[in-house]
Amino acid sequence: MFTSSRMSSFHHHMKTHTNEKTHLCHLCLKTFRTVTLLRNHVNTHTGTRPYKCSDCSMAFVTSGELVRHRRYKHTHEKPFKCSMCKYASVEASKLKRHVRSHTGERPFQCCECSYASRDTYKLKRHMRTHSGEKPYECHVCHARFSQSGTMKTHTQQKHSEDLPKHQCPHCATIITRKSDLRVHIRNLHTYSAAELKCRYCSAVFHERYALIQHQKTHKNEKRFKCEHCSYACKQARYMTSHIRIHTGEKPFTCLSCNKCFRQKQLLKVHFRKYHDASFIPAVYKCTKCDKGFSRWVLY
DNA sequence: AAGTGGGTCGCCCTCTGCTGGTTCAGA
DNA sequence: ATCTGAACCAGCAGAGGGCGACCCACTT
C-alpha cells in the first residue's frame, strides 16, 4: 500500500500503475516511462558511461552499477548474509541462489529428463547434453567441448609444456590431475579395516600401497623350493617339471621310438635330432675359443 | 522533472570435484 | 594371451563472482 504526504509523489506513484511509456528511443523504438530511464538506455547504445570507478578503469551507465562494482572489486562489502552459514553476498539474488543449496530447492526443470537445477545457467548448460552442442574448440587440435572448463583442462594437459603436477603426500607418485590424486589416495592410502593379505607370504596389511610395496620384495625371490633337494625357482611351472626328477615320472612319449621324457621340450629336441630329416643342427661358435655348439643355450 | 540508491532478472564466466570409460604396463 | 588395476581423460554438475539492463521509490 503506497502512502505519501506529498501530492507530487502520489501522482508519480500512480503513473507506475498506468504502464504509460511515452519516452521513445529513436535508435531501437523501445519506450520508457521516464527521461532518466530513456537516457540510461540510450547510453547503452552510445557507450556513454558517466559513472567512473576511482580505483580502476571501469565505468558504468548508472550509479547503482558503479556501487555494485565497487563492492565486488574494492570494498568487498557484502550486505546480504546467509542465516544458515557464513556466506554473504553483494547482491540479494546471489543470496537467494545460495540459500537453495541449503533448502535443496531446484526450480528449473529440464523438459527432456528428470534433471532439475538450482539456477537457470546450470539448466542451460545441462541442455547441451541433450542437444550435443559443443561451443568450445581447442585452438591447437580443434577438439570440441561442451564446457569451457573441460576445454581448458584438455589444453593444459595435452598442449601445455609446464603443466602442473600433483605429488602424492604419502608416496613418490606424481599425478597430473588433482581429482585423480584424490582417487589415488582413496584407493591406495586409505586405511582398510579388512586385512589385505600378501599373495606370496603370510604378511597382512591395512593399506593397499603398503601391500603392493611388500609384494614387490618377492619379485626376484625364488619362492618355489623343492622339498627333496636344494633346487628353487621363481615359477610354479618350473617346479612341476623339476619334481619329476624325484618321482621318475616321464609323461612325454616319442611316437616314433616310444622313448619317454620329463619335459615336452626334451621330447621336441629328441624328435628333431633323431626323426626329423629336415633338421640341420645350427652351429654356434664361441667368439673366444672357436669351439662349436649345436644349441644356442649351451653356448 | 531529474537525480539517486536500492533492487531484480538474466547472462556468462571460472573454479572445483566426482564419475565412468579407456589405456597401458605389469603380473 | 589374458587379466588386473592404476593413471589418464572427457563429461558433467555444484557453487559462486561479476556485470548488463532495467525498474521503482524516494529525494532534491
Side-chain angles (χ1 to χ4, degrees), chain A residues 2-6 8-13 15-17 21 23 30 32-41 43-45 49-51 58-73 76 78-80 82 85 87-102 104 106 108 110 115-129 132 134-136 138 143-154 156-158 166 168 171 173-188 199-200 208-209 212 215-216 218-219 234-235:
Chain A
F2 177 83
T3 55
S4 175
S5 57
R6 294 167 64 173
S8 66
S9 294
F10 176 70
H11 285 310
H12 183 85
H13 170 79
K15 275 192 171 182
T16 65
H17 296 299
K21 292 179 174 180
H23 300 87
K30 204 171 173 183
F32 296 87
R33 216 171 40 74
T34 68
V35 176
T36 308
L37 288 173
L38 173 62
R39 193 191 308 119
N40 287 344
H41 170 79
N43 282 345
T44 68
H45 286 302
R49 292 163 179 264
Y51 297 90
M58 293 287 280
F60 301 87
V61 171
T62 66
S63 60
E65 287 169 20
L66 175 60
V67 169
R68 187 178 57 177
H69 159 79
R70 290 190 55 74
R71 281 180 179 165
Y72 270 125
K73 294 292 189 182
H76 306 293
K78 293 176 177 178
F80 301 94
C82 177
C85 70
Y87 177 78
S89 67
V90 169
E91 296 174 79
S93 64
K94 298 293 182 286
L95 177 60
K96 196 175 162 186
R97 186 178 64 179
H98 163 81
V99 166
R100 290 192 194 120
S101 69
H102 291 301
R106 290 168 182 270
F108 305 97
C110 173
Y115 175 76
S117 85
R118 294 192 177 126
D119 63 64
T120 51
Y121 177 67
K122 285 188 207 36
L123 177 60
K124 194 179 173 186
R125 191 178 60 181
H126 164 82
M127 293 312 285
R128 289 187 204 135
T129 66
K134 294 184 173 184
Y136 304 96
C138 171
R144 300 196 75 93
F145 302 88
S146 62
Q147 289 189 17
S148 61
T150 311
M151 186 195 70
K152 194 181 169 190
T153 310
H154 158 88
Q156 205 171 42
Q157 305 289 343
K158 290 285 186 72
H166 302 280
C168 173
C171 68
T173 308
I174 294 168
I175 290 173
T176 47
R177 292 177 199 225
K178 208 174 164 184
S179 58
D180 286 335
L181 175 60
R182 247 188 296 277
V183 173
H184 164 90
I185 291 170
R186 192 172 61 216
N187 290 342
L188 294 177
R199 67 170 86 153
Y200 307 120
R208 256 195 80 70
Y209 184 79
I212 291 165
Q215 286 184 163
K216 278 182 182 171
H218 290 293
K219 197 179 174 184
K234 289 180 192 174
Q235 293 183 28

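Predicted, not measured: the structure shown is a model, and the values here were computed from it. Reckoned from all heavy atoms, side chains included, excluding hydrogens, waters and symmetry mates.
Rounded to whole angstrom, the span from the NZ atom of A/Lys178 across to the C1' atom of C/dA7 amounts to 18 Å. Rounded to whole Å, atom P of B/dT14 lies 16 Å from atom NE2 of A/His154. Following rounding to the nearest Å, A/Leu188 (CG) and C/dG5 (P) show an atom-to-atom distance of 11 Å. The distance from atom CD of A/Glu91 to atom P of C/dC22 is 17 Å, rounded to the nearest whole Å. Atom CG in A/Leu38 sits roughly 14 Å away from atom C1' in C/dA21 (whole-Å rounding).
Neither OP1 nor OP2 of C/dC12 sits under 4.0 Å from any side-chain N or O of A/Lys122. Look at A/Tyr87 and you'll find a side-chain N or O under 4.0 angstrom from OP1 or OP2 of C/dG17. For A/Thr129, no side-chain nitrogen or oxygen approaches OP1 or OP2 of C/dG11 to under 4.0 Å. Between A/Lys94 and the phosphate of B/dT8, there is no side-chain N or O to OP1/OP2 separation shorter than 4.0 Å. Taking 4.0 angstrom as the limit, A/Ser148 places none of its side-chain polar atoms (N or O) nearer than this to OP1 or OP2 of B/dC12. In terms of phosphate contacts, A/Lys134 brings a side-chain nitrogen or oxygen within less than 4.0 Å of OP1 or OP2 of C/dG11.
Taking only distance into account, the side chain of A/Arg125 meets the base of C/dG14 through a donor-acceptor pair shorter than 3.5 Å. Applying the 3.5 Å distance criterion, the base of C/dA13 shares a donor-acceptor pair with the side chain of A/Gln147. You won't find any donor-acceptor pair under 3.5 Å spanning the side chain of A/Arg118 and the base of C/dA13, going by distance alone. For A/Arg97 against C/dG17, a side-chain N or O and a base N or O form a donor-acceptor pair under 3.5 Å.
Rounded to the nearest 0.5 Å, atoms SG (A/Cys82) and NE2 (A/His102) are 3.5 Å apart.
Of the listed nucleotides (C/dG20, B/dT19, B/dG7), C/dG20 has the atom at the smallest distance from the side chain of A/Arg68. Out of C/dG17, C/dA6, B/dC18, the shortest distance to the side chain of A/Lys78 is found at C/dG17.
As judged by a 4.0 angstrom heavy-atom cut-off over every strand, A/Arg208 is placed among residues touching the sugar-phosphate backbone only. Counting any heavy atom pair closer than 4.0 Å across all strands shown, A/Thr150 reaches a base atom. Within the nucleic acid shown, A/Tyr209 has no heavy atom closer than 4.0 Å to any nucleic acid atom. Residue contacts for A/Ser101: at a heavy-atom cut-off of 4.0 Å it reaches the sugar-phosphate backbone alone, with no base atom in range. The residue A/Arg106 sits close only to the backbone: its heavy atoms come under 4.0 Å of sugar-phosphate atoms, none of a base.
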